[in-house]
Amino acid sequence: MMGVIVTDPPKADLKDVDALAQYGVATVSEAMGRTGLLGPGIRPVQQGVRVAGTAVTVLSWPGDNLMIHAAVEQCGEGDILVVTTTSPCTDGLFGELFATALKQRGVRGVVTGTGIRDTQELRDMGFAAWSRAVSSQGTVKATGGSVNVPIAIDGQVIRPGDVILADDDGVVVVPRERAAETAVKSEAREAKEAATRAAFIEGQLGLDRYGLRDTLKRLGVEYRSYDEYTGESS
């Protein structure tokens with residue numbers, strides 16, 4: 001497989017990345033019109049962690065982590081490594097040694113559509129990771145691939161320099177050109193949800209706050225007492 005390592009791609013501004021880190025994956029996806037989510041198969045190996053960073057992308061051959069080694073050199077402060085393979089692979093392409101090298105360079109985490117191993121060590125060292133599988137299966141270093149090219153995970157295109165936000169609910173990608181705009185929209189959505197939360201605490205129902213009674217009526221949903229529904233008399 002022919003490959004390329006692209007150096008110095010454009011990246012989202014870190015101030016916008018850090019602004020997005022204040023919000024959850026669900027909030028940011030909703031702020032972008034319910035877009036940007038990777039599939040639910042990409043799960044965290046830890047709990048209670050949220051990270052945001054700029055993507056350094058890796059396209060590898062299945063069962064081969066050569067290009068992750070090449071990608072480490074391209075990683076820097078505020079990045080998140082994002083890995084996929086040319087066809088499905090759940091081998092443990094990433095582990096504690098990679099995390100050690102990346103953490104020293106200021107990398108905030110890894111997201112991979114493949115397998116990951118050394119999960120306890122990753123948790124102990126505080127290196128955040130999201131993966132499709134956990135596998136002890138080792139790899140080779142024998143086939144060329146690419147670094148910092150557009151890749152796709154679960155049909156979601158990720159370009160180098162795009163914002164990756166990940167938490168307990170999953171992973172979302174924000175196009176680098178939309179980072180500032182999405183941070184503003186996420187803040188507005190968070191404020192709206194705070195107002196709704198306060199209303200629910202006071203006892204208001206979603207049926208009334210969202211005007212859903214008319215929706216039920218339009219859809220032909222009717223209220224019936226138990227006796228009316230069963231035809232029984234109490």
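Of the inter-residue distances, the one linking M67 atom CE with L59 atom CG reads 8.5 Å to the nearest 0.5 angstrom. Atoms CG and CG, on L212 and L219 in that order, are 10.0 Å from each other to the nearest 0.5 Å. The line from CZ of R105 to SG of C75 is 7.0 Å long, rounded to the nearest 0.5 Å. Summarising the geometry, atom CG belonging to L122 is positioned 5.5 Å from atom CD1 belonging to I116; distances are rounded to the nearest 0.5 Å. The distance from the CD1 atom of I42 to the CD atom of Q156 is 11.5 Å, given to the nearest 0.5 Å.
Checking D64 against T139 by side-chain atom types alone, no donor-acceptor pair falls below 3.5 Å. Side chain to side chain, T196 and R209 meet the donor-acceptor criterion of an N or O pair below 3.5 Å. Side chain to side chain, T100 and Q104 fail the donor-acceptor criterion of an N or O pair below 3.5 Å. In this structure, a donor-acceptor pair under 3.5 Å is present between the side chains of D124 and Q120. For the 3.5 Å distance criterion, the side chains of R123 and Q46 fail to qualify, holding no donor opposite an acceptor.
V82 and A55 make their closest contact through CG2-CB, 4.0 Å (heavy atoms, listed as atom of the first residue, atom of the second, distance). Listed here is the closest heavy atom pair of S131 and V45: OG-CG1, 4.2 Å. Between P44 and D167, the closest heavy-atom pair is CG-O, 4.2 Å. R213 approaches D208 most closely through the heavy-atom pair NE-OD1, 2.6 Å. Of all non-hydrogen atoms in T90 and A133, the two that sit nearest each other are CB-CB, 3.8 Å. Here the closest heavy-atom approach between residue T86 and residue W61 is recorded as OG1-CE3, 3.7 Å.
The main-chain N or O of G95 is never found under 3.5 Å from a side-chain atom of D118 such that the two would form a donor-acceptor pair. Of the possible donor and acceptor atoms, one in the side chain of S225 sits under 3.5 Å from a partner among the backbone N and O of E228. Within the 3.5 Å criterion, the main-chain N or O of M125 finds a donor-acceptor partner in the side chain of K103. Looking at T35, its side chain does come within 3.5 Å of a backbone N or O of M32 through a donor-acceptor pair. Judged by distance alone, with hydrogens and angles left aside, the side-chain atoms of T182 form a donor-acceptor pair with the main-chain N or O of R178 at under 3.5 Å.
Criterion: ILVMFWY side-chain heavy atoms under 4.5 Å apart, direct or through other members. Under it, V147 and V83 are part of a common hydrophobic cluster. With hydrophobic clusters built from ILVMFWY side chains whose heavy atoms lie under 4.5 angstrom apart, V4 shares a cluster with I158. Under the 4.5 Å side-chain heavy-atom criterion for Ile, Leu, Val, Met, Phe, Trp and Tyr, V6 and I80 are members of the same hydrophobic cluster. Following chains of ILVMFWY side-chain contacts shorter than 4.5 Å, one cannot reach V111 starting from L37, and the two form parts of different hydrophobic clusters. Criterion: ILVMFWY side-chain heavy atoms under 4.5 Å apart, direct or through other members. Under it, V171 and I151 are part of a common hydrophobic cluster.
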Test log, rule side-chain contact (heavy atoms from CB on, under 4.5 Å), inputs F98 and V110: CA-CA 10 Å; F98 274 136; V110 62; over 6 Å; no
Would you sort out whether D13 and R176 count as a salt bridge (Lys or Arg N to Asp or Glu O under 4.0 Å), showing the intermediate values? CA-CA 8 Å; D13 193 308; R176 56 182 181 258; over 6 Å; no
E187 and R189: salt bridge (Lys or Arg N to Asp or Glu O under 4.0 Å), yes or no, with the steps? CA-CA 5 Å; E187 181 181 18; R189 182 169 182 84; over 6 Å; no
Would you sort out whether I68 and L81 count as a side-chain contact (heavy atoms from CB on, under 4.5 Å), showing the intermediate values? CA-CA 9 Å; I68 299 180; L81 188 71; 3.9 Å; yes
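Under a cut-off of 6.0 angstrom, the local environment of CD in E73 is sparse, with at most 12 non-hydrogen atoms contributed by other residues, nucleotides or ligands. More than 12 non-hydrogen atoms from other residues, nucleotides or ligands lie less than 6.0 angstrom from CD of E190. By the neighbour-count criterion of 12 heavy atoms within 6.0 Å, atom NZ of K141 is densely surrounded, having more than that number from other residues, nucleotides or ligands.
Taking 4.0 Å as the cut-off between side-chain N and carboxylate O, D162 and R159 count as a salt-bridged pair. Using a cut-off of 4.0 Å between Lys/Arg side-chain N and Asp/Glu carboxylate O, D79 and R108 are scored as not salt-bridged. A salt bridge does not link R50 to D168: none of the charged nitrogens lies less than 4.0 Å from a carboxylate oxygen. Using a cut-off of 4.0 Å between Lys/Arg side-chain N and Asp/Glu carboxylate O, K192 and E30 are scored as not salt-bridged.
Taking the six-membered ring for Trp and thresholds of 30 and 60 degrees, F127 and F94 have nearly parallel ring planes, at less than 30 degrees apart.
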